[in-house]
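The next block holds one structure in the form of structure tokens; read it before the comments.
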Amino acid sequence: MLSEPRSGRLAAWGNALLAGAVSPDDAAQAIVGEDAAHRVVGLPGEAGPVGLTLALGRLRRLGVTGWRVALPAPGHPLGLSGPPEFNARALDAAEAAVGFGAPYGLVPEVSEAGPAGDVHVEVVWHCLAVREAPPADVPSLGEAERELAEALREATAALTRLDVAASGPAAEAARDAYRARSEAGREVLAPGYPPRAVRVLELARRIGLLVDLAYGGHGGAVTSSEIAARGAALAPVERVARRAQVAAYNAYVEERERGRGF
């Protein structure tokens, strides 16, 4: 939950590019991030892999006017609209970027090589046909914000009852790392996103930190039944946080559909 999905970066900066808020090269650089290279395969009109700048430009000319995010999990096709072939590949990757305005989607395939601390990461985005239909189970920003606040209260109460304490050196290190990222001014979304989307995504990440710490710490859950109870308490919170992530990334398209733009 703490990690930023690559499809989120692609959608956010792809939308910023479509809005004219960033240049093609800046958008591509932001999407690649700390990875070594990104390529796109299966792009209409191209026999082999191409770079992100060319791919995003080509998809724009093919009619893509916005990008949504899908973060599916088994039993929860969050953000997907079909067809089955695209859904299956997106489920394997646990994420996808879905074009709006034209029936194309991108699913990342990540490969890593090298020793710990010096890992070389390359990403191949598979361009596939998607069905032009409303995405599954994506809330509005307002709904997502309300759900997050309620989920945070319920999770805190449940974990307190279960005596699951997010404490100890590992938990403190995780909190320090989170604070360091926040204080460094890391941009939560690309330029132009509405403040509410930024707020919802940041809250979803904070809840993700709580979930990660609760799963990682031992607390009082020492029996199999107590561990199962912990999982039952956290599963709905994870689902709400993923829904909120998707709602935040999809805010650009939702604004366009309501006719307001950025």
Side-chain angles (χ1 to χ4, degrees), residues 4-71 79-83 85-87 89-90 93 95-111 120-133 135 138 187-194 197-198 201 245-246 248-262:
E4 182 182 31
R6 288 178 172 86
S7 58
R9 289 207 306 267
L10 188 143
W13 289 91
N15 286 331
L17 174 61
L18 290 167
V22 297
S23 71
D25 287 343
D26 286 345
Q29 183 177 358
I31 294 167
V32 172
E34 297 180 358
D35 298 335
H38 284 216
R39 296 288 184 270
V40 180
V41 299
L43 191 69
E46 296 293 336
V50 300
L52 277 174
T53 302
L54 188 155
L56 292 173
R58 175 70 56 78
L59 289 165
R60 182 176 191 169
R61 289 192 293 275
L62 288 169
V64 172
T65 58
W67 290 99
R68 286 182 168 126
V69 171
L71 297 178
L80 296 176
S81 58
E85 294 81 5
F86 182 82
N87 288 2
R89 189 181 282 271
E95 62 174 302
V98 182
F100 176 75
Y104 301 101
L106 298 170
V107 181
E109 180 182 356
V110 181
S111 60
H120 180 92
V121 179
E122 293 191 359
V123 179
V124 174
W125 293 90
H126 295 266
C127 184
L128 303 164
V130 299
R131 182 180 297 143
E132 294 185 276
V138 179
E187 198 154 24
V188 176
L189 281 169
Y193 266 81
V198 176
L201 184 56
Q245 277 187 306
V246 172
Y249 286 120
N250 291 7
Y252 173 83
V253 170
E254 307 313 321
E255 292 285 311
R256 286 183 61 87
E257 284 190 294
R258 286 194 293 268
R260 293 202 294 267
F262 271 34

For residues 104-111, which side-chain N or O atoms pair as donor and acceptor with protein atoms under 3.5 Å away, sequence neighbours left out?
unit_1, atom_1, unit_2, atom_2, d
Glu109, OE1, His126, NE2, 2.6
Ser111, OG, Glu122, O, 3.4

Out of curiosity, [X] [atom1] to [Y] [atom2], how far, rounded to the nearest 0.5 Å?
| X | Y | atom1 | atom2 | result |
| --- | --- | --- | --- | --- |
| Tyr252 | Thr65 | OH | OG1 | 6.5 Å |
| Tyr249 | Leu201 | OH | CG | 5.0 Å |
| Leu56 | Ile31 | CG | CD1 | 5.0 Å |

Considering all heavy atoms of both residues, which atom of [X] and which atom of [Y] are nearest to each other, and what is their separation?
| X | Y | value |
| --- | --- | --- |
| Leu189 | Ala12 | CD2-CB, 4.2 Å |
| Leu62 | Ala102 | O-CB, 3.5 Å |
| Ser7 | Ala70 | OG-O, 4.2 Å |
| Glu132 | Gly101 | OE2-C, 3.7 Å |
| Glu95 | Leu71 | CB-CD2, 3.8 Å |
| Arg89 | Leu128 | CD-CD1, 3.4 Å |

Ignoring hydrogens and geometry beyond distance, is a side-chain donor-acceptor pair present between Asn15 and Tyr193 at under 3.5 Å? yes
Identify all side-chain donor-acceptor contacts of residues 16-30 below 3.5 Å with residues at least two apart in sequence or on another chain.
unit_1, atom_1, unit_2, atom_2, d
Ser23, OG, Asp26, N, 3.1
Ser23, OG, Asp26, OD2, 3.2

Working for side-chain contact (heavy atoms from CB on, under 4.5 Å), residues Leu43 and Leu59: CA-CA 8 Å; Leu43 191 69; Leu59 289 165; 3.7 Å; yes
Holding to side-chain hydrogen bond (donor to acceptor under 3.5 Å, both in side chains), I want the full list of residues that pass it with Arg6, two or more places apart in sequence or in another chain.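 Testing Arg6 for side-chain hydrogen bond (donor to acceptor under 3.5 Å, both in side chains), a comparison that skips the adjacent residues, returns Asp35.
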Keeping to residues at least two apart or across chains, list the side-chain hydrogen bond (donor to acceptor under 3.5 Å, both in side chains) pairs with something in residues 51-63. Glu46-Arg58
